[in-house]
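Worksheet for the structure shown next.
The figures here come from the full heavy-atom set of this structure, side chains too, leaving out hydrogens, waters and symmetry mates.
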Amino acid sequence: MHRKKPFSHKQKKEQLKQKRDKKNETEPQVVAPSQTRLQRAFENISENSSGMEDVPVVDVLKVNEQPLPQRPGRNYNPNRYRLHIEQESKEVVEERKHLARTVPIEPLSETVLEVAVEDVYKPGSVLDLPRRPPWDYHMSKAQVEMNEEAAFRQYLKNIYTLHSNDELSFFELNLETWRQLWRVLEISDVILLITDVRHPVLHFSPALYKYVAEELKKHVVLVLNKIDLVPPEVVVAWRHYFLSKFPELDVICFTSYPKLEEGSEAAKEGGASVHTCTHMHIHAHTHAHTHRTHMHIHMHTQMHTH
């Protein structure tokens with residue numbers, strides 16, 4: 001019987017490499033799309049939409065690129081939902097660096113840090129969140145996506161027509177992200193908005209609240225997170241502020257790291273992982289002549305340690 005010629009380890013590795021190279025030559029490679037739908041909308045706006053020729057073209061910065069799958073054949077793009085924002089020019093970046101090096105930092109007073117939602121989001125303006133155009137199950141997927149692209153282009157046109165770049169902060173330019181938000185809101189029963197209690201108005205969108213609570217008729221819960229980082233008076237003030245301005249809103253307070261009393265067993269076990277469920281019942285009585293708030297805070301804390 002014929003015996004096989006012995007292979008060294010080096011020869012075996014070379015044989016496997018040749019097989020892989022041959023396989024890659026015969027199978028198609030997965031190539032990332034050179035343009036997203038949004039980029040095509042910006043670049044081909046005059047070709048695809050009448051009356052949209054005056055929309056400015058912006059440079060899009062795509063953040064958090066993910067590697068493509070190694071095996072071809074799957075119609076999957078891991079960068080479909082990556083962050084798209086407007087890319088600043090090199091001159092603007094250099095100017096900001098110069099200011100950071102030359103202008104001293106001056107602390108602001110507490111009154112300056114008090115910001116209302118109207119100062120941040122301008123409710124009722126073109127800066128509100130884009131709305132999904134009407135659709136039904138009799139429409140094809142192509143029709144639905146075409147209407148969504150047209151509505152999103154119009155949304156961007158209104159923003160860039162009425163506001164200059166200096167007036168705008170960074171916002172999502174990836175239509176796929178907004179599509180996911182539309183669909184999640186439609187199939188959800190309760191929407192949780194998690195905000196940092198130190199600056200909750202920066203994370204709370206009045207337009208999103210109005211769309212979910214008034215148009216979709218669904219419950220909105222605002223979570224004031226990290227309440228251990230601010231005095232109790234601040235928690236009470238923000239809770240009262242949101243409940244007075246948004247009557248359909250439910251507000252709850254949460255912290256993962258409650259303040260523990262000195263000498264307690266949990267405080268001594270510094271390495272323990274603590275999960276806390278805190279229910280705060282807050283009653284605030286405000287005296288107009290002193291502008292002071294007297295609070296009675298009753299906290300029930302149930303702690304589970306691993």
Side-chain angles (χ1 to χ4, degrees), residues 32-58 60 62-64 66 74-86 117 121-163 168-194 203-222 246 248-250:
S34 58
Q35 292 178 314
T36 64
R37 285 195 180 98
L38 180 60
Q39 288 174 303
R40 292 197 300 270
F42 277 128
E43 298 173 1
N44 304 326
I45 236 161
S46 59
E47 300 177 8
N48 299 337
S49 303
S50 59
M52 300 289 290
E53 295 81 1
D54 55 340
V55 177
V57 177
V58 298
V60 178
K62 296 177 288 185
V63 186
N64 299 329
Q66 301 298 316
R74 290 187 61 189
N75 186 17
Y76 169 69
N77 180 14
N79 296 308
R80 180 180 178 184
Y81 304 112
R82 63 187 298 193
L83 177 64
H84 290 189
I85 58 177
E86 183 175 352
V117 291
Y121 286 97
K122 311 295 182 184
S125 68
V126 297
L127 300 178
D128 287 349
L129 78 159
R131 305 296 179 88
R132 187 183 188 185
W135 66 279
D136 57 59
Y137 288 102
H138 300 289
M139 301 172 63
S140 65
K141 179 181 177 181
Q143 289 176 319
V144 173
E145 292 186 346
M146 183 177 62
N147 292 341
E148 291 174 348
E149 290 179 7
F152 190 63
R153 289 197 299 267
Q154 184 63 43
Y155 170 75
L156 295 178
K157 174 187 175 182
N158 295 337
I159 290 179
Y160 287 112
T161 301
L162 298 179
H163 298 277
L168 299 173
S169 61
F170 293 110
F171 66 99
E172 182 59 78
L173 296 174
N174 188 353
L175 175 57
E176 294 299 329
T177 301
W178 291 107
R179 281 176 167 151
Q180 289 301 302
L181 175 63
W182 294 334
R183 286 152 177 77
V184 168
L185 294 179
E186 290 176 357
I187 65 177
S188 300
D189 296 320
V190 179
I191 306 300
L192 289 179
L193 300 178
I194 303 177
H203 311 138
F204 182 85
S205 170
L208 179 60
Y209 161 81
K210 183 177 180 180
Y211 176 65
V212 175
E214 299 181 7
E215 297 187 27
L216 298 181
K217 305 297 182 182
K218 298 186 178 183
H219 298 286
V220 183
V221 178
L222 173 64
F246 307 99
E248 301 296 326
L249 186 67
D250 293 319

Salt bridge check, Arg183 against Glu186: does any charged N sit closer than 4.0 Å to a carboxylate O?
no

Looking only at atom types and distance, does a side-chain atom of Lys218 sit under 3.5 Å from a main-chain N or O of Ile191, one as donor and one as acceptor?
no

Donor-acceptor contact present, side-chain Asn174 to main-chain Lys62, <3.5 Å:
no

Nearest-0.5 Å distance that lies between atom CZ in Arg80 and atom OG1 in Thr177
10.0 Å

Can you check whether Glu145's main-chain N or O pairs, donor with acceptor, with Trp135's side chain at less than 3.5 Å?
no

Residue set satisfying side chain to side chain donor-acceptor pair (under 3.5 Å) with His163, at least two apart, ordered chain then number -> Glu167

Classify the ring geometry of Phe246 against Tyr209: parallel below 30°, tilted from 30° to 60°, perpendicular beyond 60°.
perpendicular

Asp189 meets the side-chain contact (heavy atoms from CB on, under 4.5 Å) criterion, sequence neighbours left out, with none

Do any N or O atoms from the side chain of Glu172 and from the backbone of His84 form a donor-acceptor pair under 3.5 angstrom?
yes

Please step through side-chain contact (heavy atoms from CB on, under 4.5 Å) for the pair His138 and Gln143, ending with a clear verdict.
CA-CA 10 Å; His138 300 289; Gln143 289 176 319; over 6 Å; no

May I ask you to decide if Gln66's main-chain N or O and Asn79's side chain share a donor-acceptor pair within less than 3.5 Å?
yes

Holding to ring-ring contact (aromatic ring centres under 6.0 Å, His included), I want the full list of residues that pass it with Tyr211, two or more places apart in sequence or in another chain.
none

Holding to side-chain contact (heavy atoms from CB on, under 4.5 Å), I want the full list of residues that pass it with Tyr121, two or more places apart in sequence or in another chain.
Ser205, Pro206

Just by distance, do the side chain of Tyr155 and the backbone of Leu129 share a donor-acceptor pair under 3.5 Å?
no

With a 4.5 Å cut-off on side-chain heavy atoms, are Leu156 and Phe171 touching?
yes

Interatomic spacing from NE2 in His219 to CG in Leu249 - rounded to 0.5 Å:
12.0 Å

In chain order, what residues pass the side chain to side chain donor-acceptor pair (under 3.5 Å) check against Asn158, with sequence neighbours excluded?
Gln154

If you round to the nearest 0.5 Å, how far is CG of Leu192 from CG of Asp250?
10.0 Å

Sub-4.5 Å side-chain heavy-atom contact between Leu208 and Leu185:
yes

Should Leu175 and Arg153 count as side-chain neighbours, where that means a heavy-atom distance under 4.5 Å?
no

Sequence neighbours excluded, which residues qualify as salt bridge (Lys or Arg N to Asp or Glu O under 4.0 Å) partners of Arg82?
none

The criterion is side-chain contact (heavy atoms from CB on, under 4.5 Å); which residues satisfy it with Gln180, sequence neighbours excluded?
Tyr81

Run the side-chain contact (heavy atoms from CB on, under 4.5 Å) test against Pro133 and tell me which residues pass, sequence neighbours left out.
Asn147, Glu148, Ala151

Run the ring-ring contact (aromatic ring centres under 6.0 Å, His included) test against Phe170 and tell me which residues pass, sequence neighbours left out.
none

Minimum heavy-atom distance Ala213-Glu248, with the two atoms named:
CB-CB, 4.4 Å

Please name the pair of heavy atoms, one in Ser188 and one in Val184, separated by the smallest distance, quoted to 0.1 Å.
OG-O, 2.5 Å

Might you confirm whether atom CD of Glu214 has over 12 heavy atoms from other residues, nucleotides or ligands at distances under 6.0 Å?
yes

